[in-house]
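One structure below.
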Amino acid sequence: QAGQALLAIENLVVDYGSARALAGVSLSVCKGEFVAVIGPNGAGKSTLLATITGLVKPKSGTIQYEGRRLGAEPPARRVRDGIALVPEGRRILSNLTVEENLRVGETVRRGDPEAARRFEHVLATFPVLRSRLKGYAGRLSGGEQQQLAIARALLSGPKLLLLDEPSLGLAPLMIEQVYETLVKLNEDGLTILLMEQNANRALLAGDRAYVLRHGVVELEGPTATLRTDPAFDQAYFGFD
Ligand code: ATP
């Protein structure tokens, strides 16, 4: 790839006990890129994110971020270094207000003089959240909750935004909204690495994609190529 790798993963192996979840995964994300990892249930997508964010320790392999090898840095440290995760299922705190949920995203940068400006910018990006700031987050629609989860992640000031299945459980119109937001954030310079089962939607949005199945990268390439690649179904579904 042209450009500088923001994230470079080599031969990552992750085991849960005797079960191998990632069996030597290599992938890279350049600065400014929008990359999708597409794969069915159990492919290892969440495990990949958990390893990048420091929640799971790999058995072997390396993760480089901004040219430095990540080692034992705990998750909070990685967030401060600019790696933010929008988790699967959004993990909104329903009994807190929208504003309180957003403040959770800010805590990693408490005292940061940029915080107020960043908060304003995020509300400008998600006007629906501004109008609901004092309302309970649990009252938001699924699509609005996904926007809140993304907004919360943005408040940590990330350089790399990781998302785990942002379209899961959303109505088609909401999925469109979420993806339009992601494309806009990427156009504004944010680097994005997204996990999806929704192959069709992810292949429309990203620059490049990897197909992950049973912990192995089966196929990779520009999304424009993969969209019409006859090998795609074989890689994703594993017909054999
Ligand atoms: P999903 O879309 O269902 O979240 P995924 O692609 O994110 O799937 P992972 O959740 O990373 O996949 O799971 C990869 C493999 O590791 C699966 O076979 C899963 O059963 C297994 N696995 C995941 N977490 C654990 C765990 N804590 N202990 C044991 N096995 C696990």
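In listed order, ligands and their atoms are each counted from 1.
Relative to atom 13 (O) of ligand 1, the option among Val56, Thr47, Asp164, Leu22 with the closest non-hydrogen atom is Thr47. Heavy-atom proximity to atom 12 (O) of ligand 1, evaluated over Gly44, Pro40, Gly215, Ala50, is greatest for Gly44.
A side-chain N or O of Ser167 and one of Glu196 form a donor-acceptor pair less than 3.5 Å apart.
Annotation: cation-pi pair Arg201/Tyr179 present, NZ/CZ under 6.0 Å from the ring centroid and within 45° of its normal.
Ion pairing of Arg103 with Glu100 is absent here, as no side-chain N (NZ or NE/NH1/NH2) approaches a carboxylate O to less than 4.0 Å. Salt bridge annotation for Glu120-Arg130: present, with a cationic side-chain nitrogen under 4.0 angstrom from a carboxylate oxygen. Taking the charged nitrogens against the carboxylate oxygens, Lys45 and Glu88 have no contact shorter than 4.0 Å, which rules out a salt bridge. Remark: Asp81 engages Arg68 in a salt bridge, criterion side-chain N to carboxylate O under 4.0 Å.
Distance check for atom 26 (C) of ligand 1: a protein heavy atom is found below 4.0 Å. Proximity of atom 20 (O) of ligand 1 to the protein is not indicated, since no non-hydrogen protein atom lies closer than 4.0 angstrom.
Taking every non-hydrogen atom of Ala43 and a distance limit under 4.0 Å, the qualifying atoms of ligand 1 come out as 5 (P), 6 (O), 12 (O). Remark: ligand 1 atoms within the under-4.0 Å shell around heavy atoms of Gln197 are 2 (O).
Counting heavy atoms closer than 4.0 Å to ligand 1, residue Met195 contributes nothing at all. Residue-level proximity to ligand 1 for Ser46 is carried by backbone and side chain together, each with a heavy atom below 4.0 angstrom.
Considering backbone and side-chain atoms alike, Ala19 places every N or O at 3.5 Å or more from each N or O of ligand 1. The N/O atoms of Leu48, backbone and side chain alike, include none that comes under 3.5 Å of an N/O atom in ligand 1.
Under the 4.0 angstrom criterion for non-hydrogen atoms, His214 is not in contact with ligand 1.
Closest to atom 18 (O) of ligand 1 among all protein heavy atoms lies Gly42 O, 4.0 Å. The nearest heavy-atom contact from the protein to atom 3 (O) of ligand 1 is Asn41 OD1, 2.4 Å. When only non-hydrogen protein atoms are considered, atom 2 (O) of ligand 1 lies nearest to Glu165 OE2, 2.9 Å. Of all protein heavy atoms, the one lying nearest to atom 5 (P) of ligand 1 is Lys45 N, 3.4 Å. Nearest non-hydrogen protein atom to atom 31 (C) of ligand 1 is Tyr16 CD1, 3.2 Å.
The nearest pair of heavy atoms linking Arg132 to Arg139 is NH2-O, 3.4 Å. Taking each heavy atom of Gln197 and Tyr236 in turn, the nearest pair found is O-OH, 2.7 Å. Residues Thr62 and Arg69 come closest through the heavy atom pair CG2-CZ, 3.3 Å. In terms of heavy-atom proximity, Val128 sits nearest to Ser131 at O-OG, 2.9 Å.
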